[in-house]
Amino acid sequence: MNYPEYKQPLNYGQVGTDILAWWKQNGIFEKSVSTREGQPTFVFYEGPPSANGAPGIHHVMARTVKDIFCRYQTLLGKQVSRKGGWDTHGLPIELQVEKELGITKEDIGKKISIEDYNQRCRETVMRFKAQWDDLTEKMGYWVDLDDPYITFEPEYIESCWALLKKLYDKGLLYKGYTIQPYSPAAGTGLSSHELNQPGTYRDVKDTTIVAQFKVKRDEKSEKLFAGADEVPTYILAWTTTPWTLPANTGLAVGKNIPYVLVRTFNSYTYAPIRVVLAEALVGKHFSEKGKDAPLEDYQAGDKVLPWRIEATFKGSDLIGISYERLFGHDKGFPAFEGEERAFRVINGDFVTTEDGTGIVHISPTFGADDFRAAALADVPALMVTDDEGKLGPIVDRTGRYVAQMGEFGGRWVKNYDGHDQSGADYKTLDESIAIRMKGDGTAFKVEKYEHTYPHCWRTDKPVLYYPLDSWFIKTTAVKDRLIELNKTINWKPESTGTGRFGNWLENLVDWNLSRSRYWGTPLPIWRSQDGSEEICIGSIEQLSAEIDKAVAAEIMTHNPYRKVDGAWVMADSSSDEPTTNNQQPATKKIDLHRPYVDDIFLVSATGQAMYRETDLIDVWFDSGAMPYAQWHYPLENGEKFKQNFPADFIAEGVDQTRGWFFTLHALGVMLEDSVAFKNVMANGLVLDKNGNKMSKRLGNAVDPFATIQQYGPDATRWYMIANAQPWDNLKFDLAGITEVQRRFFGTLFNTYSFYSLYANLDGFQATETGRVPHAELSELDRWILSKLQSLILEVRGYYDGYDPTKAARAIQDFVTDQLSNWHVRLSRRRFWKGELTQDKRAAYETLQECLVTVAQLMAPIAPFFAEWLYKNMTDGLRQEGNAQRWTAESVHLTLLVDADEARIDKALEERMELAQRISSLTHSLRKKSVLKVRQPLQRILVPVLNDTTREQVGKVEDLICAEVNVKHVEFLDDTSGVLVKSVKPNFKRLGQQYGPKLKVVGARIQQMTAEEISTLEKTGQLAVEIEGETYTLAPDDVEIRTDDLPGWLVATDGPLTVALDVTLTEELRQEGVARELVNRLQNLRKDSGLEVQDKIRVVLGAQPELEAAVQSFGSYIREEVQALALDFAPEISGGSVLEFDDFSVPVQLSVANA
RNA sequence: GGGCUUGUAGCUCAGGUGGUUAGAGCGCUACACUGAUAAUGUAGAGGUCCCUGGUUCGAGUCCAGGCAGGCCCA
């Protein structure tokens, strides 16, 4: 059977389409999994995309990376099942629906029911599924699309519930609070989106206080008490919200910020004090005049406060120091839990020296940073119990101080009730607090200050940062384990694992699960009104049982669920559900979304009604739960789960670090005490060619479908992988794909075309047995096969190390530089000349092995083209029942060849490199001497300083001669007496040996005479005197080379030097003419449209000089141009004229049919 | 503001553990070659290796501090 032949240029898009159709027809993807049944598995998790938007070119990138390693592992014989999935919940979908309906969150439950709203979300979320599936196929991403997991399915949600219950039972799920923007006037929390509405930030004038926190004198703080005197030390902290000061429980400093201790006086009580503040801010709080004013002259009421810096510290020196509570029990303020751990100086990475004092007052109930820093340092929040015994902050939800707050109890924090502020003696709470503190001597400075502050967009009243209820997963409880196990994960790039992810784990806070929204997995927790009793539901089964109890307690009227054939369905499905088209709606699936679950009420052990906590859970929980929920585990499929956990490999964008990567890891550690993935690649962004982010708005987004159609999936994938490492950002330029297509795929295609053209002419079909034995192969063949084995080792190593870029580059360099541009080019004559000899057979077999192996190696990256190449190369072989290794119908079903290391010959690879370099140098010399390659020359001269080089070059002499058209390579060694040696210092060695003396020694070496070089070579040492000192040089200290031959034109490349003998003899001249003639006749053949195998007869116009050349080289010419006859005639009419050198030759060419 | 990351020729990228004259491909210019031909060879032009300091005999490479871009988080 012939090898298929194709005409230039190959349509790569068509290759993609054709191969895809063939894959589908023959179920190749399915076979790539089923034929590996029983083999070790390679577990891959698909990070689910959301199908509510069209896929972009960056998805091609991300999915190419995933695909590469799954295909590679399949080639290694592993079984790789890849279950697809869809992420279906979340805010982006809600926002899209709201935009389409022209509504806001406010309208849900009013203009549209939750039921209808969620229905709309469900419809929207899969809108682009068909487009996604299409792209998946066309780009060649092999993933199981038929049985994907979908996060809105009841089974998936039920799994999430079961996992949540596991966490609940372990005590890892709790209700707490986070600090969120809150509008007391509206009684609601605000999202960051709402806070970003125009007009919410406004300038306001507030009372601000620099407060003095009195340091407790002990061992730790002793350094803050400069002497033995009794002057107290205070830490200064500035706040624009004085009403938060009674809730202060800590002070934060920056651990690297310099601080000073200043001796001065309080400007309200005139008492002598010491204060601590950031060095950089001293100028803001103290005047230049006070610097020199004598402390002892200070009188109460003086305008200028004298001050002295007594000491400086770093923030880290202050951490741990204790201070006295500003508003303590003695002043009528309440005690609180954990008080003994409060009132300490802690670290805060948000602290700056831009304003204030460089020390931040911390009230964990009224600031997100405060909350976080306090939690990390184990500083408690100031919480008080209300009338019902519930813990809460000192401000209630309407914006007033709670009753326990002593003299300030019941006061409004800001004017939320619209009370009259016009009275002459009206004081805001902030002002009252300031007055009180002035009297107490705890106010260092009180000022009005104008700044911007966020306001509620609905009520125009200032927003408070306020603790709001949330459900948390206590990830901090397993923090150490998370960090420990993370160290066992292979991150690509490593820095994402240690840096971005590792640092994030180091600063871990509990995972806030709550979302006050509608379209998502509901939190499966029911609670009694007073919060004293609650239950976490882990399955529909359990829920149904609880409902039955509630029905019995008459809290619910009926159970909406029932079990049919072991599956849970809606109880009313057969009665209420309208039937259409006579379809039997025997079962209607349970919907676990809102609002349905909100309508379920349960009964507590003590008979109280329990209501579902209305929150949804963070969608990241959905995706982090996929290793379990994709199998409906833990409710079933325990075995399947075990086989598929943890993942060997996952890959997503680097933006998923704190998203999917984290939630997978967190759940893996908490639920299974295991990593969830062993290898992870975080790929970078795909930018436009100018490095800008792609966006529809800018119109610079690249359409993946158009790209794949035009350039084919392989070139697109190859370009993306080869151009930059996946974790670097990629500047996507279509011109780059064109280049890859031309340079790599074009060359590979040409190489194949070349093979198929001649193999078909010879009727050659490769076999796997009876090949020419390796020992009988030519240098050239053994060389490329050695290179091929080296390539296999190299590429496998790169794939194993998750570095596809280096794999692609190695394959590309092999194909273009070694295989095509050296082996094939130098082998051309072997293919087109003569009968099918052993050498010709060897040429075919060698090239065949290279091409098939390349097809395998490139298959993970360029699956379509690799398939095309593999099938072209091996279909015939299988058809003739000849296959041993290549029995598989698809390259993706083969086992990747192992490198045959016995065939790696490093010496051979080395000398071929010498041949390549010598040829290049010779070409360069011809160029300089204006001697074209067709003109044969007698010899080149190569100086050699050792026998190894001579022997090495000698073995490739024939190749060099053929390539550069010379008759001989001659070696010049020392005995010739013509070599001129030069010497170069080996700086690396000399530097280590002589250090600072290197310069003079190096200079001396460069001045070495020929005799000195000779002495060094012969005796192995040379003593030289430099600046009065004697140094003994060793041969290793210098590099000896010969880069000049007097009287010759030479070219050098490092230690290699070549000279070209340009003497032309009459015979060489004639041969040159003969070659020119051959060349023109070949062109004429080609122009006349003759086939390669056609034989011809040639008649030339008689010319003496030409006849002499033909006399000498007639048989050579006839053989080259496949002429049966080559004659001269005095008169030629109607033919062409050949022109070359000084000749102008009429010629008549005819096809000889016999 | 913090963490991570990138910065080398017009463009895309290489440049183990420091070694003097920093490379490749593309693009550009010139010449050559032509039974692989939208290929190939040779030569040329093109660089403050982001900046500033430091360590060192010697820094693209190591250290510190900046600048600019990117991502994530506040």
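Sequence lines set the chain letters: A, B, ... in the order given, protein chains first and strands last, and positions in each chain run from 1.
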Touch class at under 4.0 angstrom, heavy-atom based, for A:Tyr758 against every strand present: sugar-phosphate
Listed nucleotide nearest any side-chain atom of A:Lys927, set B:rU42, B:rC13, B:rG25: B:rU42
Any A:Asn821 side-chain nitrogen or oxygen under 4.0 Å from OP1 or OP2 of B:rG41: yes
Residue pair A:Tyr6, A:Tyr752: steps toward the side chain to side chain contact (heavy atoms under 4.5 Å, CB included) verdict: CA-CA 10 Å; A:Tyr6 299 81; A:Tyr752 168 75; 4.2 Å; yes
Rounded distance in Å between the C1' positions of B:rG18 and B:rC49: 15 Å
Touch class at under 4.0 angstrom, heavy-atom based, for A:Arg926 against every strand present: nothing
Contact nearer the 5' end of RNA chain B, comparing A:Asn729 with A:Glu739: A:Glu739
5'-most by nearest nucleotide on RNA chain B - A:Asn986 or A:Asn1083: A:Asn986
Side chains of A:Asp817 and A:Trp822, donor plus acceptor under 3.5 Å: no
Nearest-Å distance for atom pair CG/C1', residues A:Asn683 and B:rC72: 15 Å
Nearest-angstrom distance, P atom, B:rG60 to B:rU55: 16 Å
Polar contact flag, side-chain donor to acceptor under 3.5 angstrom, A:Asp803-A:Gln725: yes
Donor/acceptor link under 3.5 angstrom from A:Arg500 side chain onto base of B:rC71: yes
Candidate pair A:Leu990 and A:Tyr1031, rule side chain to side chain contact (heavy atoms under 4.5 Å, CB included), full reasoning: CA-CA 11 Å; A:Leu990 292 170; A:Tyr1031 296 84; over 6 Å; no
Under 3.5 Å side-chain donor-acceptor pair for A:Asn486 and A:Trp491: yes
Under 3.5 Å donor-acceptor pair, A:Thr747 side-chain atoms to B:rA36 base atoms: no
Base-pairing mate for B:rG58 - Watson-Crick or G-U, with both contacts under 3.5 Å: none
Phosphate-side-chain proximity, A:Ser924 and B:rA43, N/O vs OP1/OP2 below 4.0 Å: yes
A:Arg743 side-chain N/O to B:rC26 phosphate OP1/OP2 under 4.0 Å: yes
Sugar-phosphate only, base, or nothing, as touched by A:Asp813 at under 4.0 Å among non-hydrogen atoms: nothing
A:Asp655 side-chain proximity, nearest of B:rC4, B:rC71, B:rA36: B:rC71
Under 4.0 angstrom between A:Arg742 side-chain N/O and B:rA36 OP1 or OP2: no
Salt bridge A:Glu1120-A:Arg829, side-chain N to carboxylate O under 4.0 Å: yes
Out of B:rC4, B:rU12, B:rA14, whichever nucleotide has its closest atom nearest the side chain of A:Asn503: B:rC4
Any side-chain donor near an acceptor of the partner, A:Arg830 and A:Ser827, under 3.5 Å: yes
NZ/NE/NH1/NH2 to OD/OE distance under 4.0 Å, A:Arg825 and A:Glu963: yes
Centroid-centroid distance, A:Tyr12 to A:Tyr711, less than 6.0 Å: no
Nucleotide forming a Watson-Crick or wobble pair with B:rC11, both distances under 3.5 Å: B:rG25
Option passing ring-ring contact (aromatic ring centres under 6.0 Å, His included) with A:Phe831 (candidates A:Tyr755, A:Phe764, A:Tyr844): A:Tyr844
Whole-angstrom distance between B:rA68 and B:rU52, as gauged at atom P: 16 Å
Sugar-phosphate, base or nothing in reach of A:Val351, heavy atoms under 4.0 Å: nothing
Tabulate atom names and distances for all N/O pairs under 3.5 angstrom spanning the protein and nucleotides 56-61 of chain B.
none

Proximity of A:Phe501 and A:His665 rings by center, below 6.0 Å: yes
Nucleotide forming a Watson-Crick or wobble pair with B:rG1, both distances under 3.5 Å: B:rC73
A:Trp620 CH2 to B:rC72 C1', straight-line distance once rounded to whole Å: 12 Å
Atom-pair distance (CD on A:Gln818; C1' on B:rA24), nearest Å: 14 Å
Pairwise C1' distance, B:rA9 and B:rG46 [rounded to whole Å]: 6 Å
Nucleotide B:rC31, atom P - distance to CG of A:Leu925 in whole Å: 21 Å
Sugar-phosphate, base or nothing in reach of A:Lys932, heavy atoms under 4.0 Å: sugar-phosphate
Nucleotide of B:rU17, B:rU40, B:rC13 approaching A:Lys988 most closely (side-chain heavy atoms): B:rU17
Distance, P atom - from B:rU12 to B:rG27, rounded to whole angstrom: 15 Å
Minimum-distance nucleotide to A:Val654 side chain [options: B:rG25, B:rU40, B:rC71]: B:rC71
Spacing of the C1' atoms in B:rA39 and B:rC26 (rounded, Å): 15 Å
B:rU17 to B:rA59 separation - C1' atoms, rounded to the nearest Å: 15 Å
A:Ser753 side-chain N/O to B:rA36 phosphate OP1/OP2 under 4.0 Å: no
Rounded distance in Å - CD1 (A:Ile737) to P (B:rG25): 22 Å
N or O in side chain of A:Lys731 less than 4.0 angstrom from B:rU12 OP1/OP2: yes
Inter-nucleotide C1' distance (B:rG3, B:rA45), Å rounded: 44 Å
A:Gln656 CD - B:rC72 P separation (whole Å): 10 Å
A:Asn750 side chain, from C-beta outward: closest of B:rC13, B:rU40, B:rU37: B:rU37
Options B:rC72, B:rA36, B:rG15, nucleotide nearest the side-chain atoms of A:Arg658: B:rC72
Sugar-phosphate only, base, or nothing, as touched by A:Ala735 at under 4.0 Å among non-hydrogen atoms: nothing
A:Trp660 side chain vs A:Ser623 backbone, donor-acceptor pair below 3.5 Å: yes
Pair partner, B:rC31 [Watson-Crick or wobble, under 3.5 Å]: B:rG41
Between B:rA36 (C1') and A:Asp817 (CG): distance, integer Å: 16 Å
Sugar-phosphate only, base, or nothing, as touched by A:Gln1082 at under 4.0 Å among non-hydrogen atoms: base
Touch class at under 4.0 angstrom, heavy-atom based, for A:Asn1079 against every strand present: sugar-phosphate
A:Ser820 vs B:rA39: side-chain N/O to OP1/OP2 distance below 4.0 Å: no
Touch class at under 4.0 angstrom, heavy-atom based, for A:Ser495 against every strand present: sugar-phosphate
